[in-house]
Amino acid sequence: MINITFPDGAVRQFEAGVSALDIAKSISEGLARKVLAASVNGEVWDATRPIYTDTSLKLLTWDDTDGKSTFWHSSAHLMAEAVESLFPGVKFWVGPAIDKGFYYDMDLGDRKLTEEDLAALEKKMNELAKQNNAYVRKEMPKAEAVKYFEEKGDEYKLDLLQNLQDGSITFYTQGHFTDLCRGPHIPGTGAIKAIKLTSIAGAYWKGDEKNKQLTRIYGVTFPNQKELDEYLAMLEEAKKRDHRKLGKELGIFTMDDDIGQGLPLWMPNGTVIIEELEKLAKETEEEAGYKRVVTPHIAKENLYLTSGHLPYYADSMFPPMELDNTKYYLKAMNCPHHHKIFSAEPKSYKDLPLRLAEYGTCYRYEQSGELFGLMRVRCLHMNDAHIYCTKEQFAQEFRAVNDMYLKYFKIFGIDKYVMRLSLHDPAKLGQKYINEPELWLQTEQMVREVLIETGTPFVEVAGEGAFYGPKIDVQIWSVIGREFTLATNQVDFAQGRRFNLEYTTSDNGTDVPLIIHRAPLGTHERFIGFLLEQYAGKFPVWLSPLQVKILPISDKFMGYAEEVKQALRKAKVRVDIDDRNEKIGKKIREAELSRVPYMLVIGEKEMNDRALSVRRQGKGDAGTVSLEAFVSQIKEEIEERRATQD
RNA sequence: GCCGCUUUAGCUCAGCUGGUAGAGCAACUGAUUUGUAAUCAGUAGGUCGUUGGUUCGAUUCCGACAAGCGGCUCCA
């Protein structure tokens, strides 16, 4: 007999060789039907795998993350079985569960998959699922496994085997499909009740673009149809919040073939948002002791040779223009320009820290396939600044930058974020990273210490640093689940020396400043793209392109409406009148759809009382107030940059 | 850049197997003077992404290119 300890601390005895599924059955049939896998001493196992020793056990169901991913991994195998039955000769690479669903990479030879193939595969998967075939685990010596795949001529699985230890080779079979797999899997295919194959994509073998491109099929499955329907409905909802769709609907930005790929045109409404953001940044930076500068959009080749950017990033810069035997590049970053401002005048330690800020326009030749709405563009406006400081000042400056990030996050209601400390990869020193092994370690440690000291939550990622130093990327998630780097904060120990930046120390020596590159609001493009999705186009009043729309009941009240407009305009409120000859219902509908935060309905009563009937976007009629009260109230809301619509 | 898909009026979308296109909304004109999410009527609007080819004839079939979308790779 063995002792099984349950999550609630209860201990029960079972025969050695009992499986988690047997245990579930001993509790209730209903539970047994729901069990997908089991956590056995913290390791996820097949629910059907026999247990021979005392263990702590947690039964995993659809409600557990590990239960879900086991379910999806098994779904990937089910899909592979369907693919193999429809397209014999296919060779498989790997098929993991992902955040939402699963995929499987495969080599289909010359065959191209179409949407119809996906439908056929779904059908086949449903058939196979109904057979409720068990997922059967089998251990095998490595030599035998190698032989099996050699006979099959499967170079992909042989490649996988190379990295596996003998004795750890396991296979799983369900129905007519057998796959090299470490598992675990759900008990049987019958649990998979709702299947949706979502897309076909190319994916480089081992993620390396020099390798062959395999076919990847993405899918998602659920234990019942209802959850699939809900998931699909959620995707539809997310589409409505997509910044590309909202950006068009709300007149924020547009793209045009004649301008070029990845080069957004900011329309009047978008420009209002840009200017409000810049105003915020300028105020914030001024308070924090930054000085503003302005630099040209182009510079000579030599500047980027000095900075060290060219050898690393020439491919991502627009090709140079040649004039008078000199090459000029469009700037892809502002730092070298700022360094030149630093060195234009001699500096002493008394000048430090020097903080130079600019909303700099940069151009990056991103590969065409990478472009994505406003999130990835070729012309961008960076909330950039460079802080030149001594080593002693570093921690404090770095902390101040951190605080600025947090201040902004609060204003915009960003509560889900992760600071990602990106380090260098020692193997790539001299290629991807400046060859200064000592300085790398030293600087990384400095940054790490500040993060720990300030209690900032962070994760470390190797091999993601900038070429001149470690960086902190702020990862955020838009409400529709898209993850990206919003802002970046980098330490640079290399460029100071490359540009011969110096300052006179208090003992009349010279030293090279450390440089902090920071961009808490990222770029206008990405930030506004994010905000569009975050707010679903319903911007807080201070950011809203149009803040108030006056809706007269009929043109009899135009005189008073005009008076209201002038009063608001005088208070610096962005206001407009819907003077069309339309019924009030239609004016309200269209104002609501345009996401204007305040609608003021004006008719006979309001005119006589010098009042306004206020309607809040998305919230309906908010009652009647006097003109004076409304003006002072909205003015306050704007000045405070109030985050939420109350 | 690579793989796959898509491209018809300002927007959203119809258009069977080739015979040069249609709806709703928007726009414009007129009537209506309206009380909290669409008043009615009329008018105008498209070299069917661009460009080659097949054909008596191409929005429709084939190719190239461009842009967009979903991924991969990349992201200072």
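Labels below follow one simple rule: chain letters A, B, ... track the order of the sequence lines, proteins then strands, and each chain is numbered from 1. Worth saying up front: this structure is predicted, and the values here are computed from it rather than measured.
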Exercise. For A:F467, which contact category applies under a 4.0 Å heavy-atom criterion: base, sugar-phosphate, or nothing?
Worked result: nothing
* Asked: What nucleic acid atoms does A:F372 come within less than 4.0 Å of, heavy atoms only: base, sugar-phosphate, or nothing?
  -> sugar-phosphate
Per nearest nucleotide of RNA chain B, the residue lying toward the 5' end, A:V601 or A:K206, is A:V601
message: Please verify the inter-ring angle class for A:H309 with A:Y468; under 30° counts as parallel, over 60° as perpendicular, anything in between as tilted.
response: perpendicular
Checking all strands, does A:Y468 fall into the base, sugar-phosphate, or nothing category for heavy-atom contacts under 4.0 angstrom? sugar-phosphate
Checking N1-N3 plus N6-O4 or O6-N4 for Watson-Crick, or N1-O2 and O6-N3 for wobble, each under 3.5 Å, the partner of B:G63 is B:U51
Parallel, tilted or perpendicular: which one describes the rings of A:Y313 and A:F467, with boundaries at 30° and 60°? tilted
*side-chain N/O A:S316 vs B:C75 OP1/OP2, d < 4.0 Å*: no
- [ ] Give A:Q495 one of three labels, base, sugar-phosphate or nothing, depending on what nucleic acid heavy atoms sit under 4.0 Å from its own.
- [x] nothing
Paired to B:C5 by Watson-Crick or G-U wobble criteria (both distances under 3.5 Å) is B:G68
Rounded to the nearest 0.5 Å, the CG atom of A:L118 sits from the CD1 atom of A:I217 at a distance of 6.0 Å
inquiry  = Please classify the nucleic acid contact of A:K583 as base, sugar-phosphate, or nothing, using heavy-atom distances under 4.0 Å.
reply    = base
Give one of base, sugar-phosphate or nothing for A:R216, where a contact means two heavy atoms less than 4.0 Å apart. sugar-phosphate
(Q) Quick one about A:K331 and A:N334 (side-chain donor to acceptor, distance below 3.5 Å, no hydrogens or angles considered), yes or no? (A) yes
Taking a pair to mean Watson-Crick or G-U wobble geometry with both distances below 3.5 Å, B:U20 pairs with none
Open item on the list: Salt bridge check, A:E397 against A:R355: does any charged N sit closer than 4.0 Å to a carboxylate O?
Closed with: yes
Exercise for review: With P as the reference atom in both, quote the distance from B:U39 to B:C25 in angstrom, rounded to an integer.
Suggested key: 11 Å
_B:C2 to B:U8 separation - P atoms, rounded to the nearest Å_ = 24 Å
Margin query: Applying a 4.0 Å non-hydrogen cut-off, can you work out what A:Y218 is touching in the nucleic acid: base, sugar-phosphate, or nothing?
Written below: sugar-phosphate
key: Sugar-phosphate only, base, or nothing, as touched by A:G620 at under 4.0 Å among non-hydrogen atoms   = nothing
Using a heavy-atom cut-off of 4.0 Å across all strands, would you classify A:I584 as base, sugar-phosphate, or nothing? sugar-phosphate
- Kindly indicate, with the supporting measurements, whether the criterion side-chain contact (heavy atoms from CB on, under 4.5 Å) is fulfilled by A:T215 and A:D107. CA-CA 6 Å; A:T215 302; A:D107 182 350; over 6 Å; no
Classify A:S199 by what it touches in the nucleic acid, base, sugar-phosphate, or nothing, heavy-atom distance under 4.0 Å.
sugar-phosphate
(Q) Under a 4.0 Å threshold between the charged nitrogen and the carboxylate oxygen, would A:D159 count as salt-bridged to A:K157? (A) no
Contact check, residues 256-265 of chain A vs RNA chain B, heavy-atom distance under 4.0 Å, returns A:D257, A:Q261
Winner on side-chain proximity to A:R376, out of B:U33, B:C74, B:C2, is B:C74
Determine the contact category for A:R244: base if any of its heavy atoms lies under 4.0 Å from a base atom, sugar-phosphate if only primed atoms, P, OP1 or OP2 are that close, otherwise nothing. sugar-phosphate
By nearest-nucleotide position on RNA chain B, the 5'-leaning member of A:T488 and A:G373 is A:G373
| Touch class at under 4.0 angstrom, heavy-atom based, for A:G369 against every strand present | base
request  = Check the angle between the aromatic planes of A:W440 and A:H424 and answer parallel, tilted or perpendicular using the 30° and 60° thresholds.
outcome  = parallel
| Does the pair A:R589/A:E592 count as a salt bridge with the N-to-O cut at 4.0 Å? | no
Mind checking if A:A201 touches a base, just sugar-phosphate, or nothing, with heavy atoms under 4.0 Å?
base
inquiry  = Classify A:K471 by what it touches in the nucleic acid, base, sugar-phosphate, or nothing, heavy-atom distance under 4.0 Å.
reply    = sugar-phosphate
Scanning all shown strands, the Watson-Crick or wobble mate of B:A41 with both distances under 3.5 Å is B:U29
